[in-house]
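Okay, so here's the structure we're looking at.
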Amino acid sequence: MPERVLSNKDMESIVDTTDEWITRRSGIKERRISSTRRDESTTDMATKASLDALKMAGISAEKLDMMVIGTVTPDRQFPSAACMVQKELGAGNAFAFDVSAGCAGFLYALAMVNNAVKCGMCQTALVVGVERLSSVVNWHDRSTAVLLADGAGAVVIQAKPEKGGILSTHLKSDGTAWDLLYASYGNSFTPDILQGLDQKPFFLKMEGNKIFKRAIRCLSEVSREALEHNSLESEDIALVVPHQANIRIIQGLASNLEIPMERVFTNIHKYGNTSSATIPIALNEANREGRLKKGSHVLIVSFGAGLTWAAAILTWTM
Ligand code: ACO
């Protein structure tokens with residue numbers, strides 16, 4: 001996570017908002033905002049998370065044969081964040097690419113890697129979720145500026161003969177609703193020379209209310225699909241690690257699945273919505289807190305821009 005903490009009190013001096021509103025409507029108390037002066041670019045954050053994951057897995061970067069990064073905020077339009085991180089890690093034996101799937105980016109990336117492992121295309125892979133949303137947020141728009149933040153998380157996936165690990169992945173998209181949440185930058189605006197300098201190239205727009213209702217419905221449906229696919233019931237899930245967009249969305253999902261909040265991991269109060277990064281950050285914290293027990297089933301589920309949404313069920317094997 002970036003070092004700099006921006007509290008709700010700090011947000012009060014940036015936009016017309018209150019700590020009370022943000023806490024009540026989203027569950028967020030503070031978030032982390034990166035600075036390139038502190039080596040906290042997308043590439044920097046992803047590299048640090050990857051090094052931590054490789055260390056925990058006891059694997060050297062040369063062992064990696066595949067690297068996929070879920071992100072909508074790479075440092076450059078091209079090359080991919082994955083290629084830039086590959087250089088930093090010295091992971092010369094991997095092929096590397098990014099996946100752009102909004103907040104579902106990590107789950108989409110995980111699914112690509114899982115299937116590549118299953119068909120024998122790779123043995124040892126790195127999956128990263130990283131975002132630097134502070135660089136695309138409109139800091140005058142209180143409805144999004146208070147929610148979105150920066151961070152990175154990474155996992156190592158290995159082919160193993162024994163059962164367990166990633167049981168199944170379930171990916172969904174609905175491009176007909178892309179305009180409920182989008183950012184404009186890169187090549188989607190008219191060059192300055194043709195229009196003057198008054199138009200800002202960076203902005204992010206979200207119809208939060210419409211997304212809110214769809215998020216709860218889609219997260220619940222894809223979770224049920226994942227459970228049914230594996231002949232599991234809600235009570236078989238030891239821990240749900242959901243995308244951290246809004247505590248009320250998470251509570252709605254838990255209620256629909258009839259899973260008590262004690263079996264749902266949340267850290268949104270500390271980090272806000274870091275899009276593709278929320279799930280690997282949460283998995284890491286849950287793991288280090290001892291909440292992921294060997295042999296237990298974990299449901300991970302996300303929803304975001306695209307629209308995209310996805311779920312996976314894991315059997316924790318460590
Ligand atoms: N402070 C104070 N008031 C605010 C703020 C703020 N920061 N933001 C909005 N308001 C006001 C609005 O202007 C509105 O005022 P009005 O009634 O006078 O018009 C009022 O609060 C209610 O606004 P709503 O949008 O209806 O509030 P809601 O309860 O829906 O909460 C929120 C808004 C938090 C955005 C919620 O809708 C949400 O979480 N939506 C889903 C977000 C999400 O999951 N996005 C997808 C993933 S993000 C990604 O992919 C990058």
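Read the numbers this way: they start at 1 and go in the same order the structure lists the ligands and their atoms.
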Contacts satisfying salt bridge (Lys or Arg N to Asp or Glu O under 4.0 Å) that involve residues 223-236 (not counting sequence neighbours) are Lys172-Glu225
Looking at His243, Arg142, Glu12, the heavy atom closest to atom 15 (O) of ligand 1 belongs to Arg142
Taken in chain and number order and not counting sequence neighbours, the residues that satisfy salt bridge (charged side-chain N to carboxylate O under 4.0 Å, His left out) with Arg142 are Asp16
In this structure, does ligand 1 have an atom that sits under 4.0 Å from one of the heavy atoms of Leu204? no
Nearest heavy atom to atom 32 (C) of ligand 1, choosing from Leu180, Asp19, Asn246, Asp141, belongs to Asn246
Please determine if Ser26 has a nitrogen or oxygen closer than 3.5 Å to a nitrogen or oxygen of ligand 1. no
Practice task
Answer with yes or no whether Met206 contacts ligand 1, where contact means a heavy atom under 4.0 Å from a ligand atom.
Solution key: yes
Does Glu131 have a non-hydrogen atom less than 4.0 Å from ligand 1? no
I'd like to know if the side chain of Asp98 and the backbone of Ala81 have a donor-acceptor N/O pair within less than 3.5 Å. yes
Under 4.0 Å from one or more heavy atoms of Ala245, ligand 1 contributes atoms 44 (O)
Would a distance-only check, ignoring hydrogens and angles, find a side-chain to backbone donor-acceptor pair under 3.5 Å from Thr266 to Ile268? no
Candidates Trp309, Trp21, Phe212, Tyr182; heavy atom nearest atom 27 (O) of ligand 1 found on Trp21
